[in-house]
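Following: one structure in structure tokens, then a few remarks.
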Amino acid sequence: MRNEYVIGVKGTVAPRLPGKENPRLVTGAIEVRARELVVYNASPTPPFEMHGPEPNEELRLTYRYLDLRRPALQQVFIVRHRLAQVMRRIMTDMGFLEVETPILGRSTPEGARDFLVPSRVHAGHFYALPQSPQLYKQLLMVSGFDRYFQIARCFRDEDLRANRQPEFTQLDVEMSFVDDNDVTSMMEILVAETAREFTGLELKLPLPRLDYHDVVERFGSDRPDLRYELELKDVADIAAQTEFKVFQQSKEFGHRIRGLCAPGGGTKYSRKDLDGLTEYIGGMGARGLVWLKVEADTLTGPTAKFFPVEAQQALRQRFDAKVGDLILIVADTQAVTSLALSSLRARLAAELELYDPKAFHYSWIVRFPLFAWDGDEGRFVAEHHPFTMPLFEDLHLLDSEPAKVRAQAYDLVVNGEEAGGGTIRCHDPEIQSKIFSLLGLTPEQAQEKFGFLLGALRNGAPPHGGIALGFDRLVMLYSGLTNIRDCIAFPKTAKGTDLMTGAPGTVEPRQFRELHIGPVSTT
RNA sequence: GGGGAUGUAGCUCAAUUGGUUAGAGCACCGGCCUGUCACGCCGGAGGUUGCGGGUUCGAGCCCCGUCAUCCUCGCCA
């Protein structure tokens, strides 16, 4: 008999003889005096040791049924189950009704790429798997189910990341006769209760509400990790005092010059480390990184010579820099400086241990822009989704300056991760139609794609709004995981394959014919 | 689609600057011990260094290509 055999033993449990106990075993004080032994199933030597070091992920996913035997993973799924139970109880106590919505739906423009399912009965027609139950839950509001929730599976055919899978789970919520503050206030009660249950942490409510424009300016990201400060500062005025060519050019290009100051970074980082940081943000489009070490009476670094004494003094003041700190400056577009500096911010905070990795910081980010400009398509796209209600005070800007219109939208951010997001929806068919047209849809297209929604809105739609919380991400957070695959029983690889089953796989020609489709040559 | 990392025994990892027969721990096989079972002792087997080219007297190590996994930019309402 060997490891991983499945056996049955009948016998008597008894204490071990004195002196025969084994303190290294949990069951070391007792033993089974066996009368009968059945081997239900033998097992070959497994491809990896389930109680040994963690094998590489390729192997784990290929033999996922063995991987899942590992106690650490079993714990994750206990957390996952408990979180679902807690959420269902809280939502039910608050008067919400769980309603299921279709998996086979209709493809809609905007948003992520859809997974499509060809129709056998209707040649050339396709279902789409839902990116979220968004429209169904709005229609449920029109139907009079004024508080809906669902632990819903969602599908998006986009490239994956450590915290992204092609199919994932959301706690999906919608309610009628509410404003943005009603939704966030209710949901943070649930959030606080799960935080207490799974981390022992008592959240102070209400959670901070932070303005989108404000956090992007201060942290370069709309989901900043606020476990630590490390704020970005605009230094364009100081840069103007320097002889540095790069800075002079950025003024011509209308670029921004922003920076941050890493406490202790000047002492900790070598020249080679700093080259590494430069390369790191180079991958994000930044063409350079100006670094200055803060010494007792001067700033040092390859570009320090371009900074006159006054500029050096001004920089120290701007960042409240101490000796041994490191000032990092990036000159580029708004988007590039934001991405580069927010990435640096996260990396430096981790490397310089500026926060307790076990800490949690929850906040709401609010007042997002309604639209984002898509340069490739030459049109506005919805920042959240096309059904979002503008802020009332910005409604008058819809015609004149759509880019300035802010949305009744809110994201829940935990430790720099987007844990959820939602909006108040357009319940007014006129505003909804206007938004469709601003997104570049003709009235005919809007009618063709969203006629059912516009129809519903004309038939007594209450004001409504909602939110979706990333269920997998919360499991990750509460299990201390950094990888979403570890909290999904049978996950996909970064390229969307299932190493265990071999999905996606080929199908029979007969299936193609039945579905009125065929392979396309891509050459 | 772009960038980066990794790929050596069943598993986890080693292998100066390119240099003899590619090593260790665990696992596996055989034996010993036989109330120590994540014990001990003795012995053994096991490698196309992901794959394909190239450079070289000589490649695990250098170069090119390719595949897989991971991270990341784009993308993800």
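Only heavy atoms go into these numbers, but all of them, side chains included; no hydrogens, no water, no symmetry mates. Sequence lines set the chain letters: A, B, ... in the order given, protein chains first and strands last, and positions in each chain run from 1.
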Original post:
Applying a 3.5 Å limit to both distances, which nucleotide forms a Watson-Crick or G-U wobble pair with rC26(B)?
Top reply: rG10(B)

Original post:
NA contact type, N483(A), heavy-atom cut-off 4.0 Å: base, sugar-phosphate, or nothing?
Top reply: sugar-phosphate

Original post:
Which nucleotide, rA38(B), rC28(B), rC70(B), lies nearest any side-chain atom of L25(A)?
Top reply: rA38(B)

**OP:** May I ask you to test the W364(A)-L412(A) pair for a side-chain heavy-atom distance under 4.5 Å?
**Re:** yes

Original post:
Mind checking who rU69(B) pairs with, Watson-Crick or G-U wobble, both distances under 3.5 Å?
Top reply: rA5(B)

Subject >> P gap between rC76(B) and rU8(B), integer Å >> reply: 36 Å

Original post:
For Y212(A), is the NZ or CZ atom of R406(A) found under 6.0 angstrom from the centre of its six-membered ring and inside 45 degrees of the ring axis?
Top reply: no

Original post:
How would you label the contact of S343(A) with the nucleic acid (heavy atoms, under 4.0 Å): base, sugar-phosphate, or nothing?
Top reply: nothing

Subject >> Identity of whatever pairs with rU48(B) - Watson-Crick or G-U, under 3.5 angstrom >> reply: none

**OP:** List in chain and number order the residues that pass side-chain contact (heavy atoms from CB on, under 4.5 Å) with I30(A), two or more places apart in sequence or in another chain; answer none if no residue qualifies.
**Re:** V13(A), T27(A)

Subject >> Over 12 non-hydrogen atoms of neighbours within 6.0 angstrom of CD in E100(A) >> reply: no

Subject >> Between rC26(B) and rA38(B) - C1' atom distance, rounded Å >> reply: 11 Å

**OP:** Identify which nucleotide among rC71(B), rU36(B), rA68(B) has an atom closest to any side-chain atom of R485(A), counting heavy atoms from C-beta outward.
**Re:** rC71(B)

Original post:
What interatomic distance, in whole Å, is found between P of rC32(B) and the corresponding atom of rC11(B)?
Top reply: 31 Å

**OP:** Using only heavy-atom distances, determine whether the side chains of S342(A) and S338(A) contain a donor-acceptor pair under 3.5 Å.
**Re:** no

Subject >> Qualifying residues under side chain to side chain donor-acceptor pair (under 3.5 Å), relative to D332(A), sequence neighbours excluded >> reply: R287(A)

Original post:
Sequence neighbours excluded, which residues qualify as side chain to side chain donor-acceptor pair (under 3.5 Å) partners of E58(A)?
Top reply: none

Subject >> Integer angstrom distance from the P of rG35(B) to that of rC28(B) >> reply: 23 Å

**OP:** Name the nucleic acid region contacted by G19(A), choosing base, sugar-phosphate or nothing; use a 4.0 angstrom heavy-atom cut-off, strictly under.
**Re:** base

**OP:** Check whether the side chains of R106(A) and T108(A) place a donor and an acceptor atom closer than 3.5 Å, and report yes or no.
**Re:** no

Original post:
How would you label the contact of T423(A) with the nucleic acid (heavy atoms, under 4.0 Å): base, sugar-phosphate, or nothing?
Top reply: nothing

May I have the list of side-chain donor-acceptor pairs in residues 159-169 of chain A shorter than 3.5 Å, sequence neighbours left out?
unit_1, atom_1, unit_2, atom_2, d
N163(A), ND2, E417(A), OE1, 2.8
R164(A), NH1, D159(A), O, 2.7
Q165(A), OE1, K492(A), N, 2.8
Q165(A), NE2, K492(A), O, 2.9
E167(A), OE1, R153(A), NH1, 2.8
E167(A), OE2, K492(A), NZ, 3.3
T169(A), OG1, R80(A), NH2, 3.4
T169(A), OG1, R153(A), NE, 3.4

**OP:** Scan for ring-ring contact (aromatic ring centres under 6.0 Å, His included) pairs involving residues 474-497 of chain A, sequence neighbours excluded, and state none if there are none.
**Re:** F198(A)-Y478(A)

Subject >> Atom of Q150(A), atom of P133(A) and distance for their closest heavy-atom approach >> reply: NE2-CG, 3.9 Å

Subject >> Selection: residues 104-117 of chain A, any non-hydrogen atom under 4.0 Å of RNA chain B >> reply: G111(A), A112(A)

Original post:
Which whole number of Å gives the distance between the P atom of rC41(B) and that of rG25(B)?
Top reply: 12 Å

Subject >> Contact residues, residues 158-166 of chain A to RNA chain B [heavy atom, < 4.0 Å] >> reply: E158(A), D159(A), R161(A), A162(A), R164(A)

Subject >> Nearest-neighbour nucleotide for the T493(A) side chain, rC76(B), rU69(B), rC28(B) considered >> reply: rU69(B)

Subject >> Sugar-phosphate or base contact per nucleotide [nucleotides 4-16 of chain B; S, B, -; heavy atom under 4.0 Å] >> reply: ------BSS----

Subject >> Results of ring-ring contact (aromatic ring centres under 6.0 Å, His included) for H255(A) - residues two or more places apart only >> reply: F253(A)

**OP:** Between K492(A) and H51(A), name the one whose nearest nucleotide on RNA chain B is closer to the 5' end.
**Re:** H51(A)

Subject >> Protein-to-nucleotide contact annotation, 5' to 3' order, nucleotides 41-52 of chain B [B base; S sugar-phosphate only; - none; under 4.0 Å, heavy atom] >> reply: ------------

Original post:
From rG35(B), rU69(B), rC76(B), pick the nucleotide closest to the side chain of E58(A)?
Top reply: rU69(B)

**OP:** State which residues pass side chain to side chain donor-acceptor pair (under 3.5 Å) with D498(A); sequence neighbours excluded, sorted by chain then number.
**Re:** T501(A)

Subject >> rC33(B) - base-pair partner by Watson-Crick or wobble geometry, distances under 3.5 Å >> reply: none

Original post:
Quick one: side-chain contact (heavy atoms from CB on, under 4.5 Å) partners of V381(A), sequence neighbours excluded?
Top reply: E110(A), A372(A), D374(A), R379(A)

